[in-house]
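Before any comments, here is the structure.
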Amino acid sequence: MSAYADHIATVRARFDAALEATDFDSVLVYAGQPRLAFLDDNPYPFRVNPLFKYWIPVTQSPKSALFYQPGQKPVVFLFQPRDFWHADVKVPKEEWQDYVELVVIDDQKKIASHLGDKLKQAALLGEDFAEPVASWPVRARNPQPLIDHLHFHRAIKTDWEVQNLRVANERAAKAHLAARAAFFAGASELEIHQAYLQAINFRESEVPYNSIVALNEHGAILHYDIYETEAPSEPARSFLIDAGATYRGYCADITRTYARGKGFFQDLIDAVDEAQQELLKEIKPGRDYYELHVSQHLKIADILSRFGFVEGSAESIYEQGYSSAFFPHGLGHFIGLQVHDVGGHLRNDRGDSYDRDVRHPFLRLLRPIEAGQVFTIEPGLYVVDQLLEDYAGNKDFNWDRIAELRPYGGVRIEDSIVVGENGDNENLTRDAFDKLKT
């Protein structure tokens, strides 16, 4: 069997189990449709329902749907409007079409007509803000128990999903190298962003999230996405880029940090990179991701001590909460059909959840590590003045040394990891960069 054949068999089995556990007869997965801007007739960029592209790699066919009833072939209603205003969405002949019943429609009302009374027994998964979807007489709309069941098991990726993630990372790595070259050539943030998109021939709406392209102190703004149009008057000291790509609906999410030249900041980048790579060796099935997060904090705390930002041992710096002022975000998150893929707080497929940790409230992943999971590891170290305000006057902090770092913003390094059975993990990100060297 092909990787996709195995994948759709797994998806069917997961939907079978979810429907049985939640007492639903069938499911109708709606791809979604563009929303119009408020008081306007122009739509926002379309983002397909992740549960739709879980079945088939179709991401740009809004108003389509998939109907599935256990024991029967999935039915894909592929929307192809008769429209002289817009170009047709091209859906090439691909393998997925061999595993579904394909029904091409030019009117959504034909979905209800085709399904008849079956529609009344189905659970709808998807947005229903517009007609005729809002009036479909389905049994339930986005029932949480069904969604929780599916989301819990989505954490384990199929081989086909990992293949797609590899390609997404290769695309993103190629674009990252183009952005790096633009930085060293003296480009503005906007010009670097444009070089990134051009390298992989992407429109801005095709990247999975707003890219973070931050020069100098902007690297300390965790979700910076303004893009200065003018280059700094002097060559930029530092560059932090957090940007991804997609392939068949699957996402890459990569962060790298660069210094203009050798010296203090390059040494700091190297230290964070080394600490991240040391942590990667600790990833193995059975360990809690939370433990990894704490381990990374201790490594960041050690860097804070070694570089003279904070006085004390790594343990004391962590225990007093000092490391959180420099590393405020979570270590990482699941990644796949979504950048921040779902299920990170679920204890089981019945919807029970882990409570957010008071000490580390922004950690998106609290589950034990299992083979087949794919998640990011993204430690950081920044000068965020808002967070440092709570420690004003604290003599454990070397404020002069912190002031040296402020003009550089900060450091973040992010890779995506596929967990192996015996610690033989795959680093999708570094492998992608290595492949570009050959």
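Just so you know, residue 1 is the first one in the sequence shown, and it goes up from there.
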Please report the shortest heavy-atom distance between [X] and [Y], naming the atom on each side.
X: L387; Y: P328; result: CD1-CB, 3.5 Å
X: N142; Y: G126; result: OD1-N, 2.8 Å
X: S353; Y: L346; result: OG-CD2, 3.8 Å
X: I111; Y: K63; result: CD1-O, 4.3 Å
X: P232; Y: N216; result: CG-ND2, 4.1 Å
X: P34; Y: P43; result: CB-CB, 3.6 Å

Within the supplied structure, the quantity of interest is the number of heavy atoms (other residues, nucleotides, ligands) at a distance under 6.0 Å from [X] [atom1]; does it exceed 12?
X: D83; atom1: CG; value: yes
X: D424; atom1: CG; value: yes
X: E131; atom1: CD; value: yes
X: E94; atom1: CD; value: yes
X: Q198; atom1: CD; value: no

For [Y], is there any backbone N or O sitting under 3.5 Å from a side-chain donor or acceptor partner on [X]?
X: E189; Y: E228; answer: yes
X: K53; Y: G249; answer: yes
X: Q97; Y: P92; answer: yes
X: R356; Y: P361; answer: yes
X: T10; Y: D6; answer: yes
X: S113; Y: K109; answer: yes
X: H7; Y: I56; answer: no
X: R47; Y: G32; answer: no
X: N425; Y: G420; answer: yes
X: N169; Y: L165; answer: yes

Flag side-chain contact, heavy atom, 4.5 Å: [X] against [Y]:
X: F375; Y: R367; result: no
X: D341; Y: V374; result: no
X: V138; Y: L119; result: yes
X: K299; Y: S295; result: yes
X: Y247; Y: E170; result: no
X: D25; Y: L19; result: no
X: V162; Y: E426; result: yes
X: L102; Y: W96; result: yes

*Check against side chain to side chain contact (heavy atoms under 4.5 Å, CB included), R260 and F183*: CA-CA 9 Å; R260 171 67 61 181; F183 159 65; 3.7 Å; yes
Classify the ring geometry of [X] against [Y]: parallel below 30°, tilted from 30° to 60°, perpendicular beyond 60°.
X: H297; Y: H293; answer: perpendicular
X: W55; Y: Y68; answer: tilted
X: H329; Y: F327; answer: perpendicular

*asked:* Quick one, Q194 with V213, criterion side chain to side chain contact (heavy atoms under 4.5 Å, CB included). Give me CA distance, side-chain angles, the key distance, then yes/no.
replied: CA-CA 10 Å; Q194 291 168 336; V213 179; over 6 Å; no
*Excluding sequence neighbours, so at least two apart, what forms ring pair (Phe, Tyr, Trp, His ring centres under 6.0 Å) with F152?*
none
Between [X] and [Y], a side-chain donor and acceptor under 3.5 Å:
X: Y54; Y: R14; value: yes
X: Q277; Y: D273; value: yes
X: Y30; Y: D128; value: no
X: Y289; Y: Q373; value: no
X: E127; Y: N49; value: no

Roughly how far apart are [X] [atom1] and [Y] [atom2], rounded to 0.5 Å?
X: I413; Y: Q276; atom1: CD1; atom2: CD; value: 7.0 Å
X: D242; Y: I254; atom1: CG; atom2: CD1; value: 9.5 Å
X: R139; Y: L124; atom1: CZ; atom2: CG; value: 13.5 Å
X: L304; Y: Y322; atom1: CG; atom2: OH; value: 12.0 Å
X: R412; Y: I269; atom1: CZ; atom2: CD1; value: 12.5 Å
X: I241; Y: H193; atom1: CD1; atom2: NE2; value: 9.5 Å

*Is it true that the NZ or CZ of R35 lies under 6.0 Å from the centre of F129's six-membered ring and within 45 degrees of the ring axis?*
yes
Taking the six-membered ring for Trp and the full ring for Phe, Tyr or His, determine whether the centres of [X] and [Y] are under 6.0 Å apart.
X: H151; Y: F334; result: no
X: H218; Y: Y227; result: no
X: F362; Y: H360; result: no

*Could you check D159 against Q163 for side-chain hydrogen bond (donor to acceptor under 3.5 Å, both in side chains), going step by step and ending with a plain yes or no?*
CA-CA 6 Å; D159 289 344; Q163 288 177 13; over 6 Å; no
*Under the side chain to side chain contact (heavy atoms under 4.5 Å, CB included) criterion, do Y382 and L222 qualify, and how do the steps go?*
CA-CA 9 Å; Y382 323 85; L222 301 184; 3.7 Å; yes
*asked:* I'd like to know if R171 and E206 make a salt bridge, using a cut-off of under 4.0 Å between side-chain N and carboxylate O.
replied: no
_Salt-bridge criterion met for D98 and K73 (N-O under 4.0 Å)_ = no
*By side chain to side chain donor-acceptor pair (under 3.5 Å), which residues pair with E191, not counting sequence neighbours?*
S188
_Is there a side chain to side chain contact (heavy atoms under 4.5 Å, CB included) between R154 and L51? Walk through the geometry before answering._
CA-CA 10 Å; R154 265 181 54 195; L51 288 172; 4.0 Å; yes
